[in-house]
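To keep things clear, I will list the structure first and then write my remarks on it.
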Amino acid sequence: MATETEQAETVGGDRSGVYTSFVRWMENLTETQFAYFLLTPALLLLLVIAVWPLIATFRLSLFADSFIGGATVGEFVGLQNYIEIITGERSASLPAPLLPTSLSMSALFESALAVTLVFTLASVFFETLIGFGQALVLNQEFTGRRWVRVAIIIPWAIPIVIQGMIFFLLFQPDIGLLVGSEGNGILQQLGIMSNTPLANAQDSTLIVIVADIWKTTAFMALLILAGMQSINRDLYDVAKVAGASPWQRFKTITLPLILPTVLVAMLFRTIQAMRVYGIIETVSGCTTVPSLSCLVIQSFFQNSAVGSAATIAFITAGIIAIVVSVYIVGFAREGI
Amino acid sequence: MSREDQRTDGGTATAGISDEPELKRGIFARWVSKAIKNPERAYRAMFYTAAVFFLVTTLFPFYWLLVVAITPESAALGLVPGGFEVGVFADVFVKIDFARYMFNSLLLATLTTIVVLVLASLAGYVFGRLDFPGKGPLMLAILAISYFPPAAFFLPLYRLFTGNVFPWLSLYNTPGAMVLPFSSLFMPLSIFILTTFYGQIPDGLEDAARVEGTTRLGALFRVIVPLSAPGVATAGVLTFIAVYNEFFFSFWMTDGSASAWAPIVAGILQLQRAGQFEITYGVMAAGSIIAVLPVAILVVVAQEKIVSGLTAGALKE
């Protein structure tokens with residue numbers, strides 16, 4: 001160790017004394033000290049921009065809303081915000097200018113929770129299904145495979161705001177291809193959508209789900225594809241020799257071996273889908289399709305209900321934590 | 001039957017069937033009877049159908065964007081453009097300060113990528129190559145932080161950046177208000193990617209550099225990082241795309257004006273919300289096409305990196 005220090009000194013010998021003593025100080029650190037020294041910047045950033053806000057959000061959620069003045073905080077109420085919002089007792093009406101009647105916070109929360117769960121379940125289910133299909137296609141050898149893969153990845157890589165704009169333009173009755181302003185679009189004639197799909201809660205939820213499936217199926221496909229490609233090719237050759245049809249090969253080799261990958265991918269997608277916000281804001285606005293993240297923003301900015309906003313933010317995080325632990329317990333039980 | 005044979009007559013196989021004795025059957029019936037005798041053909045056909053279906057569904061929305069953009073306002077919109085109008089692409093820059101929004105977005109993405117790569121390089125080196133107490137729990141904690149929704153970080157950060165906590169600290173409407181949250185949000189993925197890459201470099205190379213008299217940091221930045229250049233590039237590309245695409249903090253950490261460093265999110269929404277009399281749908285579509293170009297090019301150039309990075313980052317644990 002001593003010789004290394006001397007050598008380091010000779011290397012940096014022509015630099016300033018501060019530099020040399022810094023190098024010597026660093027070379028003399030134990031491995032643990034050096035590890036934490038290098039981690040300091042990253043941990044500091046996470047501490048200030050992630051850990052502190054989480055704790056501060058939780059702290060804010062313990063205070064009552066204060067409707068006097070700007071975004072200020074009311075008195076300390078402990079867990080009352082959580083109890084009232086979850087059990088539906090939060091009767092304090094909030095001004096809801098764009099809704100026909102002013103709604104209680106609990107009703108808004110229940111609606112947002114339902115929207116978020118429906119969105120999550122539907123999009124993750126279809127993304128898995130379609131992603132599976134895309135992975136099967138990409139797993140084949142064929143000319144132009146590279147370009148098919150680019151085509152499949154591109155929706156994943158585009159900004160959320162442009163994803164929103166695309167679906168806004170696709171379902172804008174003035175110009176839409178599938179919907180018309182006089183109800184003459186194909187989706188309207190089939191009775192799937194109303195004349196104003198972007199202002200109708202049900203239609204917009206459907207559009208937002210389709211938009212999400214369009215954008216993020218690629219993520220699912222790539223993970224499943226990686227799982228497929230890690231399977232030993234010999235297994236297929238053996239099965240082929242034994243006379244197994246492609247379907248049998250798929251069912252007895254591919255499916256069981258990529259199941260762990262699919263579950264991990266579904267976990268990631270579930271976590272991401274629970275946060276849904278941007279696509280809703282762009283396609284139809286948060287008042288039409290209120291998700292949990294929407295409700296946090298609305299409570300904070302429109303109603304200055306800081307305590308309620310923080311509580312809903314933390315409940316959202318809690319629901320995600322529950323989903324994560326259910327998956328982890330499931331993995332542990334399956335021994336994956 | 002070799003793979004080549006299957007490919008040439010599989011799927012679309014309608015022509016060149018000379019050994020078919022019953023000429024009375026139609027093309028489809030003949031194909032079906034062939035398929036029954038040889039199921040591989042049916043699978044091949046299914047494969048082509050699926051491939052075409054996926055291509056159409058992923059690319060059609062982009063095609064529609066193009067149709068809306070180039071169809072002149074006077075012509076009716078249809079599946080095929082009813083004319084050719086390129087003026088809208090110039091209009092985007094005239095109607096709003098689109099160039100500045102694009103510049104802001106690219107700048108924010110570049111700044112964040114630099115911050116993330118430096119910090120994640122150090123952290124990835126530590127997690128990939130050093131052994132120390134608390135390593136496992138720390139990695140888990142970093143992973144856990146990335147599970148939380150942006151909304152759970154947002155309120156205190158917004159209050160902090162608007163000067164509600166310390167009056168002298170007002171980052172709202174500056175790049176810092178976005179680069180800091182972006183960095184902490186997207187750093188965990190890069191840490192995991194780089195941990196994998198750095199961990200794969202043989203110890204001997206680092207030891208050799210150290211014996212030669214390189215400092216510890218010198219060994220990291222002159223040996224480990226250059227050797228893991230593909231990993232660093234992967235983490236960089238993914239971070240850049242993630243920041244360019246981000247919505248939540250991009251939307252709320254500025255007032256949305258181009259001079260306040262608002263990124264493309266605000267630009268596109270300004271086009272969308274200006275109203276039909278100010279901005280035509282064609283201009284909205286044109287703006288979207290221009291804004292997609294940087295990432296579209298990145299995907300075409302770096303698709304291997306994206307694929308490997310996404311799978312390495314997600315399947316690590």
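All figures in this text were calculated on a predicted structure; none of them were measured in a lab.
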Open item on the list: With a 4.5 angstrom heavy-atom cut-off, is it the side chain or the backbone of A/Leu292 that approaches chain B, or both, or neither?
Closed with: neither
Task: Smallest separation among heavy atoms of B/Ser146 and B/Leu143, with atom names - done: OG-O, 2.6 Å
Open item on the list: Determine whether A/Ile258 and A/Phe132 satisfy the following criterion, side-chain contact (heavy atoms from CB on, under 4.5 Å), listing intermediate values before the conclusion.
Closed with: CA-CA 10 Å; A/Ile258 61 162; A/Phe132 219 109; 3.3 Å; yes
Open item on the list: If I measure from the heavy atoms of chain B, does A/Ile320 come under 4.5 Å with its side chain, its backbone, both, or neither?
Closed with: side chain
TODO: Against chain B, label A/Phe301 side chain, backbone, both or neither, depending on which of its atoms sit under 4.5 Å from a heavy atom there.
DONE: side chain
When the side chains of residues 39-54 of chain A are checked against the rest of the protein, which donor-acceptor pairs come out under 3.5 Å, sequence neighbours left out?
unit_1, atom_1, unit_2, atom_2, d
A/Thr40, OG1, A/Tyr36, O, 2.7
A/Thr40, OG1, A/Phe37, O, 3.1

- [ ] Return the set of residues passing side-chain hydrogen bond (donor to acceptor under 3.5 Å, both in side chains) with B/Arg273 (not counting sequence neighbours), or none when no residue passes.
- [x] A/Glu281
Task: Structural part of A/Arg146 lying under 4.5 Å from a heavy atom of chain B - done: both
Task: Option that, when pairs with chain A are counted at under 4.5 Å, heavy atom only, ranks first among B/Tyr244, B/Phe53, B/Phe132, B/Phe154 - done: B/Phe132
Open item on the list: Please classify the contact between B/Leu130 and chain A as side chain, backbone, both or neither, with a heavy-atom cut-off of under 4.5 Å.
Closed with: both
Open item on the list: At a 4.5 Å cut-off on heavy atoms, which part of A/Ser61 comes close to chain B: side chain, backbone, both, or neither?
Closed with: neither
Open item on the list: Heavy-atom pairs under 4.5 Å with chain A - which of B/Ala123, B/Pro61, B/Gly287, B/Ala51 has more of them than the others?
Closed with: B/Pro61
Open item on the list: Heavy-atom pairs under 4.5 Å with chain A: which of B/Tyr125, B/Phe248, B/Trp252, B/Phe127 has the most?
Closed with: B/Trp252
